[in-house]
Amino acid sequence: MQLYVVDDYGAMSRFAAHLTAERLRAQPEANVVVPTGNTPYGFFRELIALRQQGAFDASRLRVFQLDEYFGIPPDDPRSFSGWITRSFLDPLGITAAQVVRLRGDADDPLVACRDYDAAVRAAGGFDVVVLGLGRNGHLGFNEPPADPAAPTRLVRLSAETIASNEHYWSVGAQVPKHALTCGMNNILTARMKLLLVSGEQKRDILRRTITGPIIPEVPASYLQVSAQVTVVADSAAWPWPQSATVEYGHV
Ligand code: GLP
């Protein structure tokens with residue numbers, strides 16, 4: 001695991017976008033996953049600018065959705081699919097045919113999750129997974145406790161996650177209680193994992209993610225024993241030594 005500590009949110013976004021663009025340039029048919037949430041907005045902006053400058057080509061990428069509320073159609077304002085389309089896919093010119101959705105509007109969540117995992121397998125797994133960090137250590141919506149082999153599935157959201165996601169919309173929007181999440185197994189076996197962390201409110205969970213015990217109660221702690229992990233944090237989230245390479249055993 002490599003940890004890069006940069007000055008602020010802007011520097012985190014720029015650095016992460018450069019790392020990603022470099023990889024996408026080398027692998028224009030990559031299978032890519034990006035998160036929703038507030039953290040990646042700047043990263044999206046920078047990556048879109050790099051694409052406009054010709055740093056990489058997005059026309060052959062394949063994008064897999066990381067997580068989605070259950071019971072929500074893509075045109076609902078709360079839909080993560082709609083969010084990703086507006087803020088990432090459309091600006092990069094990525095078409096619906098290039099996207100594998102997590103169908104939060106499916107009648108049967110088991111079938112939706114099974115189909116998604118089959119599509120991931122058929123594609124040969126993920127090449128690039130960009131992640132945000134939940135305040136309780138979740139990755140995607142892999143709420144604690146989540147073990148590293150957890151497949152794509154329906155989860156019940158914790159009260160903490162529901163409360164923190166309320167800030168995504170105007171007052172009064174109901175946060176759904178259930179979601180579909182890409183499994184820990186898919187995430188942890190991705191060939192490049194980039195975790196973006198910004199702000200003082202993530203300080204404690206980032207410390208536990210990187211230096212705490214590796215336990216299901218902190219799903220992100222499994223990144224410690226997963227290969228090819230890069231954490232990009234700003235100095236508010238990691239106020240300790242400015243830059244460090246954290247070496248852990250690889251699985
Ligand atoms: C949300 C999403 C995650 C996201 C995380 C952090 O609940 N399910 O995909 O990465 O929590 O969100 P934020 O960046 O807003 O702190």
Side-chain angles (χ1 to χ4, degrees), residues 16-17 19-37 39-41 43-132 139-142 151-154 168 176 179-187 189-194 196:
L19 290 179
T20 304
E22 206 172 280
R23 179 63 180 244
L24 300 184
R25 186 187 186 91
Q27 200 182 356
E29 296 182 4
N31 299 325
V32 179
V33 179
V34 293
T36 47
T39 309
Y41 271 122
F43 163 76
F44 289 162
R45 248 192 331 268
E46 298 291 338
L47 197 65
I48 291 160
L50 286 169
R51 215 270 316 196
Q52 278 160 356
Q53 292 156 22
F56 67 97
D57 170 23
S59 67
R60 284 177 290 151
L61 298 176
R62 192 106 187 268
V63 177
F64 291 75
Q65 195 177 342
L66 177 62
D67 47 17
E68 181 61 283
Y69 293 117
F70 183 61
I72 297 289
D75 58 357
D76 187 292
R78 295 165 295 176
S79 156
F80 281 177
S81 169
W83 185 338
I84 287 292
T85 302
R86 287 185 301 276
S87 57
F88 182 78
L89 301 173
D90 283 352
L92 285 176
I94 295 173
T95 64
Q98 292 172 259
V99 179
V100 175
R101 280 184 53 222
L102 252 179
R103 293 182 291 114
D105 54 346
D107 292 334
D108 186 341
L110 279 176
V111 172
C113 293
R114 202 184 55 204
D115 289 351
Y116 179 92
D117 275 343
V120 176
R121 267 196 309 277
F126 296 147
D127 297 300
V128 179
V129 175
V130 184
L131 298 161
L139 297 176
F141 270 138
N142 286 285
T152 299
R153 66 203 183 286
L154 179 71
Y168 292 155
L180 304 185
T181 185
C182 172
M184 291 289 284
N185 56 354
N186 294 325
I187 293 172
T189 53
R191 290 175 278 276
M192 170 180 171
K193 289 157 285 249
L194 197 54
L196 311 185

- Message: Tell me every residue that passes side-chain hydrogen bond (donor to acceptor under 3.5 Å, both in side chains) with Gln98, counting only those two or more places apart in sequence or in another chain.
- Response: Thr95

- Query: Listed by chain and number, what are the salt bridge (charged side-chain N to carboxylate O under 4.0 Å, His left out) partners of Asp76, not counting sequence neighbours?
  - Reply: Arg78

- Find out whether Val100 and Val120 are in side-chain contact, i.e. whether some heavy atom of one side chain is under 4.5 Å from a heavy atom of the other. no

- Message: Which heavy atom of Thr189 sits nearest to which heavy atom of Lys193, and what is that distance?
- Response: C-NZ, 4.2 Å

- Item | Partners meeting side-chain hydrogen bond (donor to acceptor under 3.5 Å, both in side chains) with Arg45 (sequence neighbours left out) | none

- At their closest point, which heavy atom of Pro151 faces which heavy atom of Arg153, and how far apart are they? O-NH1, 2.9 Å

- Query: Under a 4.5 Å cut-off applied to non-hydrogen side-chain atoms, are Ile187 and Asn142 in contact?
  - Reply: yes

- Item | Residue pairs involving residues 118-132 (criterion salt bridge (charged side-chain N to carboxylate O under 4.0 Å, His left out); sequence neighbours excluded) | Asp127-Arg191

- With Phe88 via ring pair (Phe, Tyr, Trp, His ring centres under 6.0 Å) - residues at least two apart: Phe44

- How would you list, by chain and number, every residue that makes a salt bridge (charged side-chain N to carboxylate O under 4.0 Å, His left out) with Glu29, sequence neighbours excluded? Arg60

- Apply side chain to side chain contact (heavy atoms under 4.5 Å, CB included) to Thr36 and list each qualifying residue two or more places apart in sequence or on a separate chain. Asp67, Phe80, Trp83, Ile84

- Message: For residues 89-130, which residue pairs pass the ring pair (Phe, Tyr, Trp, His ring centres under 6.0 Å) check, not counting sequence neighbours?
- Response: Phe64-Phe126

- Item | All side-chain hydrogen bond (donor to acceptor under 3.5 Å, both in side chains) counterparts of Ser79, not counting sequence neighbours | Glu68

Return all side-chain donor-acceptor pairs below 3.5 angstrom for residues 48-57, not counting sequence neighbours, or 'none' if the list is empty.
{"unit_1": "Asp57", "atom_1": "OD1", "unit_2": "Ser59", "atom_2": "N", "d": "3.0"}
{"unit_1": "Asp57", "atom_1": "OD1", "unit_2": "Ser59", "atom_2": "OG", "d": "2.9"}
{"unit_1": "Asp57", "atom_1": "OD2", "unit_2": "Ser59", "atom_2": "OG", "d": "3.1"}

- Item | Residues that Arg62 engages under side-chain hydrogen bond (donor to acceptor under 3.5 Å, both in side chains), provided they are two or more places apart | none

- Query: Any salt bridge (charged side-chain N to carboxylate O under 4.0 Å, His left out) pairs touching residues 82-106, not counting sequence neighbours?
  - Reply: Arg101-Asp105, Arg103-Asp115

- Message: If I compare all heavy atoms of Leu24 with all of Ala30, which pair ends up nearest, and what's the gap?
- Response: CD2-CB, 4.0 Å

- Give the minimum heavy-atom separation between Pro35 and Val130, together with the two atoms involved. CD-O, 3.1 Å

- Check Asn31 against Ala123 and note the closest heavy-atom contact, atom names and distance. ND2-O, 2.9 Å

